[in-house]
Amino acid sequence: MSDNYIKTKKIFVNTIVLYMRMLITMIITLYSSRIVLQALGVEDYGIFSVVGGVVALLTFLKSSFASSSQRFISYELGIGKKGRLSQVFGACVTAHILISIVILFLAETIGLWFLNTQMNIPDGRIEAANWVYQLSLASLVLSMISAPFNADIISHEKMTFYAVVGILESFLKLGFALLLLVFDVDQLILYAILTFVLNLLVFLSYVVYCLTRFEESKTLFYFEKTLFKRVFSFSGWTVLGQSSVVAANYGTSILVNIFYSVAANAAMGIGQQVNGAITGLTSNFQMAFQPQITKSYAAGDFSYLNMLISYTSKISFFLLFIVTYPILLNIDFVLSTWLTVVPEYANIFCVLYIIASLFNALGTSLWTSIFASGSINTYQITSSFIFFSDILVVYFLFKIGFPPPACMMVKAAVNLVVLFVRILFAKHKVQGFSAAIYMKETMGPCLFASLLTIICSLPIYFYSDTPFLKGLATILAIGISLLSMLFVGLKKSERNSLINIINKKIKKHYEDN
């Protein structure tokens with residue numbers, strides 16, 4: 001049995017574990033969101049979305065250093081130097097503590113000023129909005145400090161623990177949402193407090209697990225000038241990239257708030273909830289393969305790396321398409337069944353969010369391979385310029401009268417442009433990678449299989465005039481998408497590899513039972 005087969009099998013097993021996590025958490029999260037929207041009302045739900053987003057404006061610092069930590073830890077694991085691994089982990093923890101101090105300073109000065117003077121908060125709710133802000137900030141700091149521990153778990157590919165924590169977190173989230181219906185207090189403030197408590201519990205679980213399982217995690221402080229320079233240089237460029245994404249996302253939310261209302265923000269928030277729950281599938285799969293991409297790069301195994309880039313790009317796209325296509329067909333039914341009150345434009349926001357995420361799913365493995373190289377300055381400058389342009393285009397469209405969902409059309413277009421940028425950079429960063437072959441053998445089959453599914457199933461769905469027939473048409477659409485993925489999207493070798501892994505897992509299951 002080849003080493004590459006074992007590594008691919010490990011990705012598959014971790015994907016199944018994370019898929020179960022996603023499936024359970026998605027169902028619970030969607031139901032919890034319904035309860036929260038019912039308890040808070042459209043206005044307070046919109047306040048929580050937009051005010052919590054003020055803190056998210058600073059989250060790019062956390063995300064940047066977290067992705068940097070995972071890259072450095074995975075790289076050291078790929079090389080196999082355990083002593084150096086402890087030093088890298090300690091340096092990452094120290095860096096996260098320092099950047100948390102920076103976050104607090106920025107949030108309690110510029111962020112607080114912006115919330116209280118520039119935001120369009122309804123009369124009488126500014127105090128509650130400040131509660132949301134401060135507790136969201138505290139949650140962010142906890143998340144920031146726990147990021148290296150989280151990265152250590154992912155780099156070691158201990159996905160079962162990660163999945164268990166995620167499932168328990170979703171059940172607690174549901175329980176806290178139900179508490180909103182019990183206590184007769186300010187529901188928005190109570191929800192902010194409960195959200196902070198939940199984040200604190202997750203923080204403690206990650207830290208305790210790492211301290212008891214991984215020797216390097218006991219090095220909580222380490223300073224070496226050369227190493228710090230490498231970490232901060234890499235993280236600095238990552239900050240630029242993440243800040244452009246966050247600025248585009250939250251800047252768009254601010255523009256929606258300024259040109260329209262918190263009701264429009266609520267519709268946008270619903271779109272984000274649906275998209276976040278669904279794209280959890282691909283993000284979990286991507287989490288399973290990202291450590292191996294970095295380890296393969298560190299070990300110089302470029303043949304396996306290029307195979308992994310193509311294969312994981314396809315699976316990421318198809319996993320998302322198979323789940324989202326039936327939802328797109330039935331988006332009005334899904335929203336009306338899920339929510340007591342459906343905000344205007346919520347259905348359009350959901351559709352456009354998903355389309356934008358499909359483009360992004362294709363490029364995640366490319367992004368990971370570029371980051372594995374460690375040389376990311378030119379890529380970050382280029383992609384950041386494209387993401388920042390999003391805000392200017394949205395402002396222009398709103399200024400001339402376009403409705404709120406227009407911002408998501410721009411986001412989808414930006415994600416498509418960034419995909420091609422990633423292809424071009426991967427060509428120069430990854431040995432043996434061919435842009436032409438990637439577009440022909442990876443993007444081409446993905447787009448052709450999805451178009452084939454739409455052409456074969458969409459007319460049947462629209463000509464179905466009863467809920468029962470539409471349900472049958474939806475099941476048919478799922479079947480067509482699966483067949484298109486297997487026989488049009490995947491090459492014979494990729495299909496056989498996937499089938500062999502599944503057969504071996506089924507055989508092992510029956511032998512164990």
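Just so it is clear, the values below take in all heavy atoms, side chains as well, and ignore hydrogens, waters and symmetry mates. Since we're looking at a predicted model, the values are computed, not measured.
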Rounded to the nearest 0.5 Å, what's the gap from OG on S383 to CZ on F425? Could you check? 7.5 Å
Measuring from atom CD1 of I309 to atom CG of L305, what distance do you get when rounded to the nearest 0.5 angstrom? 4.0 Å
Residues in salt bridge (charged side-chain N to carboxylate O under 4.0 Å, His left out) with E344, at least two apart? none
Hey, which of S143, S146, S139 is the one that makes side chain to side chain donor-acceptor pair (under 3.5 Å) with N199? S139
Compare all side-chain heavy atoms of F234 with those of F371 and state whether any distance is below 4.5 angstrom. yes
Can you name the residues that form a salt bridge (charged side-chain N to carboxylate O under 4.0 Å, His left out) with K411, not counting sequence neighbours? none
With F302, which residues qualify under ring pair (Phe, Tyr, Trp, His ring centres under 6.0 Å), at least two apart? Y297
Is a side-chain donor or acceptor of K440 paired with a backbone partner of P445 at a separation under 3.5 angstrom? no
Sequence neighbours excluded - ring pair (Phe, Tyr, Trp, His ring centres under 6.0 Å) pairs with any residue from residues 435-462: F433-Y438
Of all residues at least two apart in sequence or in a different chain, which pass the ring pair (Phe, Tyr, Trp, His ring centres under 6.0 Å) check with Y345? none
Taken to the nearest 0.5 Å, the spacing of Y353 OH from C407 SG works out to 6.5 Å
Between the OG atom in S457 and the CG atom in L452, the distance rounded to the nearest 0.5 Å is 9.0 Å
Within the 6.0 Å centroid threshold, strictly below: F149 and F203: no
K173: side-chain hydrogen bond (donor to acceptor under 3.5 Å, both in side chains) partners, not counting sequence neighbours: none
Looking only at side-chain N and O atoms, does S313 offer a donor or acceptor that is under 3.5 Å from a partner on T442? no
How long is the straight-line distance from CE of M307 back to CG of D301, given to the nearest 0.5 Å? 9.0 Å
Please confirm whether the backbone N or O of A372 pairs with a side-chain atom of R71, one donor and one acceptor, at under 3.5 Å? yes
